[in-house]
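A quick write-up on the structure given underneath.
Counting begins at 1 with the first residue of the sequence.
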Amino acid sequence: MMTEPKRVCVLGAGIVGMTTALMLKEKHAELDVTVIADKFEQDTLSDVAAGIFRPSTSFKGPTPEITKQWLVDAYHHYKAIQDSKEAAEAGVQEVSGYVLSSKFPEVTKNQFLEGLLPVYRPADELELKICPGNWKYGAFFTTLVIESRYHLPWLREKFEMLGGKIVKKTIDSFNDVYDYDLVMNCTGFGAKKLCLDHDLVPIRGQVFKVKAPWVKMFFYGDYDTYIIPGIDYVTLGGCRQYDSFKQEVDKYDSASIWERCVELLPNLKSAEVIKEVAGLRPHRTPVRVEREVIVTSGGKHLQVVHQYGHGGYGVTTAPGTAKYAVKLAEDVLGGHRSKVHAKL
């Protein structure tokens, strides 16, 4: 007699949720996997991101070893796509550029990227004069850009081709998904309400998307200034406003971003502005990737694997945390025990 396949739902269809869903379905074709979300593709925060593989030096998982492994796994995952025939369709490309500072030598160093990327070295005297300004410190490196406006549809298509399901629905409580064998919680900032997580805080960001096809390299300057070329647009940023819930574009931030980016790269003056967008990065220290058993209002013990709180590094780290979360899911589906938490 055949047994029914285990039913798994992934909450959230940003890059963390879709990467996790596809990875789970690729490894375990027998699972019945459904992605449930109220926003998809261009409506997600992932679509706002420039998508450059450059984690902050303060990015933190549960331990230094796990944090490093997440980033190593994520980079090699994306690099394999970039080396494949699907690179263009998946929106993954290699790009080089500079991080420059007039005051802070530490911002040109990154313990995660040095040794992982094919090139990461100090900028020489001539390179410090590439951009206008009194740049005293700099680094040159080659990394990847993962553009979500291509990558998310690519993930979704591959997921659906394997038999994965997509449901557009708002989930207000874990009681809404009580009938699944496992829930993968990839709700990003939505987890603040869903999990009543006071450690999850918004870090507001705002960017321009401009047409500037002559910009082929990325540039970082002081005060969160960055210019990152993508496939169709160049992303100009930015700001990091801790604990700000404002989702509308702010005219003062717009003026500051534009001025700083044009000072860094004057030929941007003639760039055509396509749009301005703002969003709330879901920041948590450490990023939460762990198991929990939640007792629903109906008394069911619901198995949950949380995976949220990536801040501004969801695109960067998604494959690494997804691989880790899938292992936790395999433990759950294999029958290993986890502690039970309070009733909703």
Side-chain angles (χ1 to χ4, degrees), residues 10-27 33 35-55 59 70-95 97 117 142-162 164-166 168 184 186-189 205 207 209 218 226 228-235 237-238 274-275 277 279 281-282 287 307-308 310-326:
V10 178
L11 300 181
I15 199 157
V16 173
M18 289 308 304
T19 301
T20 302
L22 177 58
M23 204 174 281
L24 196 58
K25 194 65 180 163
E26 283 180 331
K27 283 195 74 178
V33 183
V35 173
I36 303 176
D38 59 349
K39 294 178 181 177
F40 292 88
E41 295 171 8
Q42 72 272 12
D43 295 325
T44 65
L45 180 69
S46 300
D47 192 67
V48 178
I52 192 166
F53 189 92
R54 183 182 179 247
F59 179 81
W70 284 352
L71 292 164
V72 168
D73 288 343
Y75 177 76
H76 289 299
H77 176 94
Y78 286 134
K79 183 61 178 166
I81 296 172
Q82 191 260 329
D83 287 338
S84 77
K85 62 182 180 182
E86 295 185 82
E89 187 184 353
V92 182
Q93 60 183 352
E94 202 163 58
V95 65
L117 299 182
T142 297
T143 187
L144 301 170
V145 168
I146 304 95
E147 202 154 339
S148 291
R149 63 192 304 263
Y150 288 87
H151 199 68
L152 283 173
W154 179 78
L155 289 170
R156 179 174 177 164
E157 183 180 349
K158 289 177 78 71
F159 175 66
E160 290 184 313
M161 282 178 63
L162 292 173
K165 302 169 189 172
I166 301 282
K168 184 167 186 177
M184 307 289 284
C186 306
T187 51
F189 192 62
V207 297
K209 301 286 186 177
F218 63 80
Y226 53 86
I228 301 171
I231 296 168
D232 300 311
Y233 309 133
V234 178
T235 301
I274 303 302
K275 61 181 177 178
V277 282
R281 306 173 178 103
V287 179
Q307 190 191 174
Y308 65 83
H310 300 67
Y313 309 103
V315 175
T316 293
T317 59
T321 61
K323 184 177 179 181
Y324 187 86
V326 166

Self-check item: Side-chain heavy-atom pair I228, V95 within 4.5 angstrom cut-off
Solution: no

Quiz item: Closest heavy-atom contact between E41 and D47?
Solution: O-CB, 3.5 Å

Quiz item: Looking at side-chain heavy atoms only, is the closest gap between L152 and F40 below 4.5 Å?
Solution: no

Exercise. Calculate, to the nearest 0.5 Å, the distance between atoms CG and CG belonging to D43 and D38 respectively.
Key: 9.0 Å

Practice problem: Taking the side chain as every heavy atom from C-beta outward, state whether E26 and K158 have any atom pair closer than 4.5 Å. | Solution: yes

Quiz item: Measuring from L45:CG to R281:CZ, what's the distance to the nearest 0.5 Å?
Solution: 8.0 Å

Quiz item: So among K168, E160, M18, which one has a side-chain contact (heavy atoms from CB on, under 4.5 Å) with V35?
Solution: M18

Quiz prompt | Side chain to side chain, Y78 and T316, heavy atoms closer than 4.5 Å | solution = no

Self-check item: Spacing of T19 atom OG1 and F159 atom CZ [to the nearest 0.5 Å]
Solution: 11.5 Å

Quiz item: Are any non-hydrogen side-chain atoms of V145 and F218 less than 4.5 angstrom apart?
Solution: no

Quiz item: Hey, what do you get for NZ (K79) to OG1 (T143), rounding to the nearest 0.5 Å?
Solution: 9.5 Å

Exercise. Could you tell me the separation between the OG atom of S148 and the CD atom of Q42, rounded to the nearest 0.5 Å?
Key: 12.0 Å

Self-check item: Residue pair Y226 / I52, side-chain heavy-atom distance below 4.5 Å
Solution: no

Self-check item: NZ/K209: more than 12 non-hydrogen atoms of other groups inside 6.0 Å
Solution: yes

Quiz prompt | Heavy-atom pair of closest approach, residues D73 and G320 | solution = CB-CA, 4.0 Å

Practice problem: Could you go through the side-chain contact (heavy atoms from CB on, under 4.5 Å) check for Y313 and V287 one step at a time? | Solution: CA-CA 10 Å; Y313 309 103; V287 179; over 6 Å; no

Quiz item: Side-chain contact, heavy-atom cut-off 4.5 Å: I15 with H151?
Solution: yes

Quiz item: What distance do Q82 atom CD and Q93 atom CD have between them, rounded to the nearest 0.5 Å?
Solution: 8.5 Å

Exercise. Answer yes or no: is there a side-chain heavy-atom contact under 4.5 Å between H77 and K323?
Key: no

Exercise. Could you tell me which non-hydrogen atom of E94 sits nearest to which non-hydrogen atom of L144, and how far apart they are?
Key: CA-CD2, 4.0 Å

Quiz item: Hey, does the side chain of Q307 reach the backbone of A322 with a donor-acceptor pair shorter than 3.5 angstrom?
Solution: yes

Quiz prompt | Closest approach of F59 to H310 (non-hydrogen atoms, all atoms of both residues) | solution = CE1-O, 4.2 Å

Quiz prompt | Heavy-atom pair of closest approach, residues V315 and G51 | solution = CG1-CA, 3.8 Å

Self-check item: Distance-minimising heavy-atom pair for F53 and L71
Solution: CZ-O, 3.6 Å

